[in-house]
Enquirer: 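Once you've had a glance at the structure underneath, I'll fire off some questions.
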Number of protein chains: 2
Amino acid sequence: MALTTKDIARLAGVSQSTVSRSLNNSPLISDETRGRVLRIAEELGFELNANARGLSTNRTNTIGVIYPDDYLDHDVSLYLGSLLTQLRKILEQWDLDLIVAFKENRKTGVDSIKRLVMRKKVDALIIVQSHTDERTLEFLKKTNIPCVLLHFYQSSKATEGIDQVYADHVAGGYLGCEHLIKLGHRRILCVSAEGEEEYEQRRCGYRAALERYGIAYDPALMLNGDRTFQSGYDLVMDHEALFDSVTAVFVHTDIMALGVMEALKARGRRIPEDIAVVGYDDVELSAYFQPHLTTVHQPREELAAVACQHLMELLSSKRTVRGEQIKIQPSLVVRQSCGAHLVSTMVHDTDL
Amino acid sequence: MALTTKDIARLAGVSQSTVSRSLNNSPLISDETRGRVLRIAEELGFELNANARGLSTNRTNTIGVIYPDDYLDHDVSLYLGSLLTQLRKILEQWDLDLIVAFKENRKTGVDSIKRLVMRKKVDALIIVQSHTDERTLEFLKKTNIPCVLLHFYQSSKATEGIDQVYADHVAGGYLGCEHLIKLGHRRILCVSAEGEEEYEQRRCGYRAALERYGIAYDPALMLNGDRTFQSGYDLVMDHEALFDSVTAVFVHTDIMALGVMEALKARGRRIPEDIAVVGYDDVELSAYFQPHLTTVHQPREELAAVACQHLMELLSSKRTVRGEQIKIQPSLVVRQSCGAHLVSTMVHDTDL
DNA sequence: TCCATATGTGCAAGCGTATGCATCACTCCC
DNA sequence: GGGAGTGATGCATACGCTTGCACATATGGA
């Protein structure tokens, strides 16, 4: 049926092991022999059988990317693109393949991570954007498979010894709030979200900035939405008085921020003249929406690039120490919604 | 090191083949024996080695999804989400894994499709959103691997015998244009794009609608952009007179449409009062942008679902005939930018 | 001349699973 | 009671590759 090394061997007049060594660039083979073998293999479009190879070497040349169950979340899908782009460079260079899986099989309840690892389908893992439970973390440590947690910082006894690459959401929260303070705002409403730790971290940053500039934290100025456009819209409509009482809003999700702006506009408030808005994430939409949204940029590309590179170091055994934690700094993208372009005393980079 | 069927066999006091048969639900094994084996395997968290399995059965339980090289294109990434979502259901049900690859390795120039197939890393393929060259098509036919082309209709001698699932872009072009005609517009500017066949098909639909309603096609009313927001913006600025001379624009990409609208607004034209705009794609942004964009909906979910289901039928040999072509119809999503809500004579479903 | 060394190549044993065939223990029936 | 039939299990081989080791040939030095 399909060609095998044995076939190539016969055609090249050498043994099967010589073919194998030639195709794997073993230094044992003479240039002449290797050349002959490679030429024949090339002509016939021969490729080594990955299963047989994996069985022999116990390596699959495949890495797994694990997504959370609630994939459809907008902020999750955001990472897919950057991650794939970064991964691609590495994959191409090292001749690796990429298996994408979701954390858990909803039907059978099977943990995909364990499944992929135990079945020896992957050599390494990138676990994206989700809280990883202790049992899984322990499993990862026990198997000692090269692995990177890519997301927010997750700290517990269980994460010790697991490599993490994450954005500094506390710093992001601080940045956004500080920017508004520097523009002269004192009553800054914070619209955050529940569920993941990153939002708690952003709230921490918000409070830290207030404290740093001597503004008392007012719990009444803290709302939580569910991260959707509609949720942002509804919050404004449900808390009219509250929104009327502040001069600025710091929304912890761009999509929600767009909803907030839409509602504010519908209520006749001008942005940023009447009320300043700062978002968080820097999604594609935020650059197009009117007014262009000032927001905290998630360093997606950098996170993905660093995670990939780090993983390759683990895979190639260049790095043996485990449990590194790499923190990436977010940055502020100043556009129009914060009103910085109306204030002459600040230096900034308005775009568009 | 890792557990094998032999280990389980020893522990269960049976032979290795009995373990293998038990785990594969062979009817040859008695319920009692199978129960004992499964219990032990379960307790130890045993999983069959995928490589050994693949070597033996010549099946990998993995399917490949191939993306075009220019992945970063917004319209390409749009499909990733729906496709993954649909795929997930199937993958979970059949215990399959998913390898994502790009058409060609930029560095080595290696064709990923051939690589994956020849190395026996996948059992089936979904090729997404890209023109597939003849050599590859011939290769696919020769290997006879279950395969679905998911995108626009591609017709040539080479595609005969290859299964295709695609959206009817001609119909979509017709729909968008017809809608504007029914709203009373006669001079309808068409902003299309170059590169892929789907745009040519959309232009065909546009012209067909004009013809159907007895409007002469005017080549001067046809522009091409490069699918970006900026491109849409620039076209307006570069062709002020042209845009001033029409009452409606049909833009073949939502993102470009948003750019067009932004530019029109900047030039003081009101949408839809002064000029109506209809887009194509129905991307997430289009529902949020002001005014909410009327657009031709790409049936992404349906395309993905149909493609997946079709592939599974091929894989399970339920379907033996090859070369089916399944055409999915797009639909029109009427929002605000077309001005339909201002016209009393038309029935429509304005949302928001 | 002969041995030590280096350089290529071949042999054969795994890697872990699936599966055709043989085997064995029963039951059933004439 | 013996043979046929049935159901459950084990034996042994194949799948295609990698790799340690043995072997063959060429090279250099004493």
Side-chain angles (χ1 to χ4, degrees), chain A residues 1-38 40-41 44-62 95 97 115-123, chain B residues 1-38 40-41 44-62 95 97 115-123:
Chain A
M1 213 17 296
L3 286 172
T4 70
T5 44
K6 212 176 284 177
D7 299 318
I8 306 294
R10 186 161 17 82
L11 293 172
V14 296
S15 75
Q16 182 268 333
S17 33
T18 296
V19 173
S20 171
R21 290 198 174 97
S22 298
L23 293 171
N24 287 300
N25 284 314
S26 158
L28 291 177
I29 302 297
S30 72
D31 287 347
E32 190 214 327
T33 307
R34 183 201 321 285
R36 185 152 34 96
V37 171
L38 290 185
I40 295 177
L44 300 177
F46 174 79
E47 293 275 351
L48 289 168
N49 180 307
N51 289 315
R53 226 172 173 211
L55 184 57
S56 232
T57 61
N58 211 20
R59 276 181 126 259
T60 60
N61 288 331
T62 305
D95 195 29
D97 289 307
R115 213 175 58 80
L116 286 175
V117 174
M118 295 303 286
R119 292 186 182 176
K120 299 271 166 62
K121 288 201 87 160
V122 297
D123 294 335
Chain B
M1 206 29 289
L3 287 172
T4 70
T5 44
K6 213 176 284 177
D7 299 318
I8 306 294
R10 187 161 18 81
L11 293 172
V14 295
S15 75
Q16 180 268 330
S17 32
T18 296
V19 173
S20 171
R21 291 195 174 99
S22 299
L23 294 171
N24 287 299
N25 284 313
S26 158
L28 290 177
I29 302 296
S30 71
D31 287 347
E32 190 215 325
T33 306
R34 182 201 322 284
R36 184 151 35 97
V37 171
L38 290 185
I40 294 177
L44 300 177
F46 174 79
E47 292 275 351
L48 289 168
N49 180 307
N51 288 315
R53 229 174 170 209
L55 183 56
S56 224
T57 62
N58 211 19
R59 278 181 121 258
T60 60
N61 289 331
T62 305
D95 195 29
D97 289 307
R115 214 177 55 80
L116 286 176
V117 174
M118 295 304 286
R119 292 186 181 176
K120 298 273 166 63
K121 288 201 87 160
V122 297
D123 295 334

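So you know, we letter chains A, B, ... as the sequences are listed, proteins then strands, and number each from 1.
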Enquirer: Heavy atoms only: give me the nearest B:Thr60-A:Lys121 pair and the separation to one decimal.
Expert: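 Where B:Thr60 meets A:Lys121 most closely, the heavy atoms are O-NZ, 3.0 Å.
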
Enquirer: What integer distance in Å separates A:Gln16:CD from D:dC15:P?
Expert: 13 Å

Enquirer: Quick one: A:Arg10 CZ to C:dG10 P, roughly how many Å, whole number?
Expert: 15 Å

Enquirer: Without decimals, in angstroms, what is the distance between A:Leu23 CG and D:dT19 P?
Expert: 13 Å

Enquirer: Answer with base, sugar-phosphate or nothing: what part of the nucleic acid does B:Val14 contact at a heavy-atom distance below 4.0 Å?
Expert: sugar-phosphate

Enquirer: Just to confirm, is there a sub-4.0 Å distance from OP1 or OP2 of D:dT9 to any side-chain nitrogen or oxygen of B:Thr33?
Expert: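 Checking B:Thr33 against D:dT9: at least one side-chain N or O falls below 4.0 Å of OP1 or OP2.
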
Enquirer: Rounded to the nearest Å, what distance is computed from the NZ atom of residue B:Lys6 to the C1' atom of nucleotide C:dC15?
Expert: 9 Å

Enquirer: Donor-acceptor pair, distance only, cut-off 3.5 Å: does the side chain of B:Arg34 make one with the backbone of B:Pro27?
Expert: no

Enquirer: With a 4.0 Å cut-off on heavy atoms, is B:Leu28 in touch with a base, just the backbone sugar-phosphate, or nothing at all?
Expert: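 Here B:Leu28 touches the bases of the nucleic acid.
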
Enquirer: Classify A:Asn24 by what it touches in the nucleic acid, base, sugar-phosphate, or nothing, heavy-atom distance under 4.0 Å.
Expert: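 The residue A:Asn24 makes sugar-phosphate contact but no base contact.
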
Enquirer: If only side-chain N and O atoms of B:Thr57 are considered, is one of them under 4.0 Å from the OP1 or OP2 phosphate oxygen of C:dA18?
Expert: no

Enquirer: Does B:Arg21 put a side-chain nitrogen or oxygen below 4.0 Å from OP1 or OP2 of C:dT19?
Expert: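 No.
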
Enquirer: State, to 0.1 Å, how close B:Ser20 and B:Asn24 come at their nearest heavy-atom pair, and which atoms those are.
Expert: O-ND2, 2.9 Å

Enquirer: Among B:Arg10, B:Gln16, B:Arg21, which residue meets the side-chain hydrogen bond (donor to acceptor under 3.5 Å, both in side chains) test with B:Thr5?
Expert: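 Exactly one pass, corresponding to B:Gln16.
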
Enquirer: Report the distance from atom CG of B:Leu55 to atom P of D:dT13, rounded to the nearest whole Å.
Expert: 17 Å

Enquirer: Output the rounded distance in Å from CG (B:Asn49) to C1' (C:dG16).
Expert: 6 Å

Enquirer: Are the side chains of B:Thr62 and B:Asp123 in touch, meaning some heavy atoms are under 4.5 Å apart?
Expert: no

Enquirer: Is the distance from OP1 or OP2 of D:dT9 to the nearest side-chain N or O of B:Ser30 less than 4.0 Å?
Expert: yes

Enquirer: Tell me what A:Ser20 touches on the nucleic acid: a base, only sugar-phosphate, or nothing, going by heavy atoms under 4.0 Å.
Expert: base

Enquirer: Does A:Thr18 make a side-chain N or O approach to OP1 or OP2 of C:dG10 shorter than 4.0 Å?
Expert: yes

Enquirer: Please state how far atom CE in A:Met118 lies from atom C1' in C:dG16, giving the value in whole angstrom units.
Expert: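 Distance, rounded to whole Å: 14 Å.
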
Enquirer: Looking only at side-chain N and O atoms, does A:Ser15 come under 4.0 Å of OP1 or OP2 in C:dG10?
Expert: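 Result: yes.
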
Enquirer: What is the distance, rounded to the nearest whole Å, between atom CD1 of B:Ile29 and atom C1' of D:dT6?
Expert: 15 Å

Enquirer: Classify the side chain of B:Ser17 and the base of D:dC11 as holding, or not holding, a donor-acceptor pair under 3.5 Å.
Expert: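 Yes, the side chain and the base share a sub-3.5 Å donor-acceptor pair.
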
